[in-house]
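Each chain gets a letter, A, B and so on, in the order the sequences are listed, and its residues count up from 1. Just so it is clear, the model here is predicted, and its values are computed rather than measured. Heavy atoms only: backbone and side chains are in, while hydrogens, waters and symmetry mates are out.
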Amino acid sequence: MDNEEIAKVFNKIADLLDIKGVQFKPRAYRRAAREIESLSRGVVEIYRDGNLENIPAVGENIAEKIAELIETDGLEYLEKLKEEIPIDPGLLKVRNLGPKKAKKIWEELGVTTIDQLEKAISEGKVRELSGFGKKSEKNISKGLKIVERTRGKYLINEVLPVGGTIKGKLLDSNLFDKVRVAGSLRRHKYLIGDIDILGTSLNPNKAMDFYTGLEEVDEVISKGETKSSVRLDNDIRIDLRLVAGDSFGAASQYFTGSQPHNVRLRELAISQGYKLSEYGLFRADNEEKVAGETEESIYEKLGLNWIPPELREDRGEIDAAKMGKLPQLITEGDVNGDLHCHSTRSGDGKNELADLADEAAKRGYSYLAVTDHADAPGVISGIKEGDVEEHIAQIRALNERYDDVHLLAGVEANVQPDGSFRLSDGALEQLDIVVAGVHSHFDMEEEGMTERLLRAIAHREVNIVAHPTGRKVGERDSFSLNWEKVFDKARECNTALEINASPSRFDLDDRLIKGAIDRGVKLSIGTDSHQLRHLDFMQLGIYLARRGWAQESDVINALRYEELISWLEK
DNA sequence: GCCGTTTTCGGCCCGACTGTTTTCAGTCG
């Protein structure tokens, strides 16, 4: 039981209590979950020390439940609740369906799963419930479609470590010569359906025995000499394929995909008198194998530069490779800092300024922007007009203590419906950096929303527009924008658009990143960190940037400190 | 279920918006 698992349990309890209509307790459990998630120490360790109740929001009762979870790996209280309310947790992720409506459709229609909800809607049953109507039905239906698009898929950050662990174990067994993670995970897509792993082995039977016998394996779906599929205890599916060593490159190319990329590549092979398969590149006339041991050899024979996996989506990469015009994709080493982070000054931020500075130094950053919420809506308190000076002063004082890391004093200012800000121009002017973000009124029509964003982009103190589409993965669609206008204005005003690296957002997405770059817009990769470990999201942001064809020169946080400062002057 | 210069009980964020109502309930941010 790690911190995240325990937090998950408490969030689930909160959901179920919400449905029961219990007041205030859900809030208590959610608070506890959030505190536990953001701890830097392991809860198990704290438990051993007998200090559970020192954790904020953890009292006698929740401490007892944590102890039970650690000791027994389960929780009777949760099991009872689940029995009482057999609603699938996924159902509560549907937008426009809150606890009250979920309760109603369960009690009156017996709906407990997403499938049943879809059926009930298509049968017209939902709209007939009192308190529901045609509009409610339509809104829930919309929510269902968003869930549908991400169903059964995992975020890259959930799958990445799993792929790494399994690969490591296979290699350590000495039963495999080569092992490579392929598929969409190698292409660093942000949503992953399953993991594809490719290997070579001199002893396929033993190798497959070892693989299907791994301790993480919950179910063996199929098992053969060249292909076995398993489902892990965390429900992720992994396919392992064994190939001959001299086909490893061809198989690697084939199983990395994407399918459209492969189709284009095969057409190209045919046009040059070859045949390309997962076994290799062959001459069409006499079946002679001309390449296959490495990916490079295949691309080279076809007259192409080797194409980085992130680009293999049939979005022009094959033509670019033919002409030697593939981008030199940005790498982790190119990034010199993070330009979107929150401190405790944001109501929802956990980072102390000094910790942020230490962490930035540890990562070898030369700068980090502290961009706390300014007058954000809802519960999140933040920087008000009168707080700006103190915010700046604290950061300046801290900077005295560091030679190589510079904290930048900034805000994430809320773009109001008319495109203006609550903070005065005078206050914004004093800050080193201003990140502008839309956090309310998402449903505006395209024209109004575009005007709103254009005005923010054009503001002379605004440097970056955070999470420009407002999309939340699996939760909320992008709002409507005229992207040509947005890109043109951003280039004209030297305002960067953000690649928000937080897995809940991944915004801009790869297509829009490419679109922005094609129109000469600068990008900023920001983690939107609310906790120190969120700074790790930078890697995911770089993957996303690479999928959007970004080079070092497209990204402002690849600039050196002095260069960045002069860029921020607009 | 937690917490405390409101301190061992009483309070816990709240306004905007939407849809379903005929004065309000539910959801979202």
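Taking 4.0 angstrom as the limit, Ser136(A) places a side-chain polar atom (N or O) nearer than this to OP1 or OP2 of dT20(B). When the side-chain nitrogen and oxygen atoms of Arg31(A) are compared with OP1 and OP2 of dC12(B), none of them lie within a distance under 4.0 Å.
A salt bridge links Asp418(A) with Arg455(A): the distance from a Lys NZ or Arg NE/NH1/NH2 to an Asp or Glu carboxylate oxygen falls below 4.0 Å. Salt bridge Glu4(A)/Arg533(A): present, at least one basic N to carboxylate O contact under 4.0 Å. Look at Arg422(A) and Glu385(A) and you find no salt bridge, because none of the NZ, NE, NH1 or NH2 atoms lies under 4.0 Å from a carboxylate O. Using a 4.0 Å cut-off between a side-chain N of Lys or Arg and a carboxylate O of Asp or Glu, Arg30(A) and Asp15(A) qualify as a salt bridge. A salt bridge is defined here as a Lys NZ or Arg NE, NH1 or NH2 lying under 4.0 Å from an Asp or Glu carboxylate O, and Arg519(A) with Asp488(A) meets this definition. At a threshold of 4.0 Å, the pair Arg31(A)-Glu35(A) does not count as salt-bridged, since none of the basic side-chain nitrogens sits closer than that to a carboxylate oxygen.
Rounded to an integer number of Å, the gap from CG of Asn414(A) to C1' of dG29(B) is 10 Å. Ile19(A) places its CD1 atom 14 Å from the P atom of dG26(B), with the value rounded to the nearest Å. In this structure, Phe442(A) places its CZ atom 7 Å from C1' of dG29(B), rounding to the nearest Å. Note: CG (Asn61(A)) to C1' (dT8(B)) measures 15 Å, nearest angstrom. Atom-to-atom, NZ of Lys142(A) to C1' of dG19(B) comes out at 13 Å; the value is rounded to the nearest Å. Between the NZ atom of Lys135(A) and the P atom of dC17(B) there is a distance of 16 Å, given to the nearest Å. Spacing between atom CD of Gln23(A) and atom C1' of dC12(B) amounts to 10 Å, rounded to whole angstrom units. Atom CG of Leu52(A) is separated from atom P of dG1(B) by 16 Å (rounded to the nearest Å).
Shown for residues 73-100 of chain A: residues whose heavy atoms fall under 4.0 angstrom of DNA chain B, namely Arg95(A), Asn96(A), Leu97(A), Gly98(A), Pro99(A), Lys100(A).
With sequence neighbours excluded, the residues satisfying salt bridge (charged side-chain N to carboxylate O under 4.0 Å, His left out) with Lys362(A) are Glu359(A).
Across all strands shown, Lys65(A) has heavy atoms under 4.0 Å from sugar-phosphate atoms exclusively, and none from any base. Heavy atoms of Pro56(A) sit under 4.0 angstrom from primed sugar atoms or phosphate atoms, though from no base atom. Residue Arg127(A) is out of contact with every strand shown, counting any heavy-atom pair closer than 4.0 Å. Residue contacts shown for Asp443(A) are absent, as no nucleic acid heavy atom lies under 4.0 Å away. The residue Glu60(A) sits close only to the backbone: its heavy atoms come under 4.0 Å of sugar-phosphate atoms, none of a base.
With both pairing distances under 3.5 Å, dG19(B) is matched to dC24(B) as a Watson-Crick or G-U wobble pair.
When distances are taken from the side chain of Arg27(A) to each of dG1(B), dC3(B), dC13(B), the shortest belongs to dC13(B). Here the nucleotide nearest the side chain of Lys101(A), chosen from dC13(B), dG26(B), dG1(B), is dG26(B). In the set dG29(B), dG19(B), dC17(B), the nucleotide with an atom closest to the side chain of His441(A) is dC17(B).
The separation of dT6(B) from dA16(B), taken at their C1' atoms, amounts to 29 Å, rounded to a whole angstrom. Taking the C1' atom of each, dT18(B) and dT23(B) are spaced 15 Å apart, rounded to whole Å. Nucleotides dC2(B) and dT8(B) place their C1' atoms 12 Å apart, quoted to the nearest Å. To the nearest whole angstrom, the two C1' atoms, one in dT20(B) and one in dG26(B), are 10 Å apart. When the P atom is used for both dT22(B) and dC28(B), the distance is 24 Å, rounded to whole Å.
In this structure, the side chain of Asp507(A) engages the main chain of Gly470(A) through a donor-acceptor pair within 3.5 Å.
Mapping Gly131(A) and Arg476(A) onto DNA chain B via the closest heavy atom, the residue that lands nearer the 5' end is Gly131(A).
Residue pairs meeting the ring-ring contact (aromatic ring centres under 6.0 Å, His included) criterion with at least one member in residues 11-39 of chain A, sequence neighbours excluded, are Phe10(A)-Tyr29(A).
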